[in-house]
Amino acid sequence: MTAKADIRQLDLAPIPFGTPLPAKISAQTLDLLLTRRSTPAPTLGLPAPSEDEMEVLLKIGFRVPDHGKIGPWRIVRFTPESKARLVDKLRALAEARGDKVQAGALLKLSTPPQALLVVYSPVQPHKIPLWEQMGSAFAICQNLLIAAGAMGYGANWITDWYAYDAEAKALLGLKDGEEVAGFIYLGTPTEAPLERDRPDYAERVSFWEG
């Protein structure tokens with residue numbers, strides 16, 4: 001079983017608005033990011049984050065760039081029971097269409113013991129461009145992945161057919177204009193994820209020369 005971080009060492013007290021926040025240097029954070037790897041959803045098992053750990057994850061999730069401080073996102077939580085009901089409803093939807101591929105894709109949702117739904121909920125009309133608002137929602141997903149890994153859990157950020165399907169989105173309770181930024185699946189890795197191909201630095205980085 002993967003070792004878990006002791007969150008009892010963390011100060012979770014609210015930080016008053018306007019409080020100076022000095023930079024914290026952390027080689028451990030850099031090492032974590034250099035080796036960060038999503039855990040395949042079918043390999044996520046128990047234990048899942050505790051309720052106290054979930055509180056920490058969500059607080060970290062919200063600490064993202066948010067141009068205009070408008071919070072164009074929200075998070076939906078699931079209990080094991082409600083997640084199982086969602087899987088059943090989505091499976092019935094797929095089977096009614098005779099779509100075996102959609103039904104099979106639900107393994108990624110049914111296997112992990114914990115899940116979060118990050119909803120992109122744009123504020124409009126607003127002076128902040130929609131693409132910037134969307135970026136803030138995506139940043140929450142990434143923060144959750146990093147925080148889960150730092151705690152000793154595995155995590156995967158998924159958008160499958162049920163993130164885009166109109167009937168599935170209605171089941172999820174999405175409002176007009178809202179979109180699924182991602183499902184975040186959480187649990188303890190039952191096997192270590194393998195390194196995958198990474199972009200070539202020289203091909204992706206350049207200097208602007210005017």
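FYI, the numbering just counts along the sequence from 1.
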What residues, two or more places apart in sequence or in another chain, satisfy ring pair (Phe, Tyr, Trp, His ring centres under 6.0 Å) together with Tyr162? Phe183
Under the ring pair (Phe, Tyr, Trp, His ring centres under 6.0 Å) test, residues paired with Phe62 that sit two or more places apart: Trp73
Counting only heavy atoms not in Arg97, do more than 12 fall under 6.0 Å of its CZ? yes
Other residues, nucleotides and ligands only: do more than 12 of their heavy atoms fall within 6.0 Å of CD1 on Ile25? no
Quick test of your reading: applying salt bridge (Lys or Arg N to Asp or Glu O under 4.0 Å), list the pairs with at least one residue in residues 152-161, sequence neighbours left out, ordered by first then second residue.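 Listed once each, the pairs are Lys108-Asp160.
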Scan residues 183-195 for pairs that pass salt bridge (Lys or Arg N to Asp or Glu O under 4.0 Å), counting only residues two or more places apart or in two chains. Glu195-Arg198
By side chain to side chain contact (heavy atoms under 4.5 Å, CB included), which residues pair with Ala163, not counting sequence neighbours?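 Per chain and number, Ala163 pairs via side chain to side chain contact (heavy atoms under 4.5 Å, CB included) with Thr159, Val180.
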Residues in side chain to side chain contact (heavy atoms under 4.5 Å, CB included) with Val76, at least two apart?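 Arg74, Phe78, Leu117, Val119.
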Let me confirm one number: the CD-NZ distance from Glu167 to Lys89, rounded to the nearest 0.5 Å. 13.5 Å
Do the side chains of [Y] and [X] get nearer than 4.5 Å, heavy atoms only?
{"X": "Pro49", "Y": "Leu57", "value": "yes"}
{"X": "Lys4", "Y": "Met151", "value": "no"}
{"X": "Tyr153", "Y": "Leu186", "value": "no"}

Show, in sequence, the C-alpha distance, side-chain angles and deciding distance for Arg77 and Glu51, and conclude whether the salt bridge (Lys or Arg N to Asp or Glu O under 4.0 Å) test is met. CA-CA 11 Å; Arg77 296 190 59 184; Glu51 190 60 31; 2.8 Å; yes
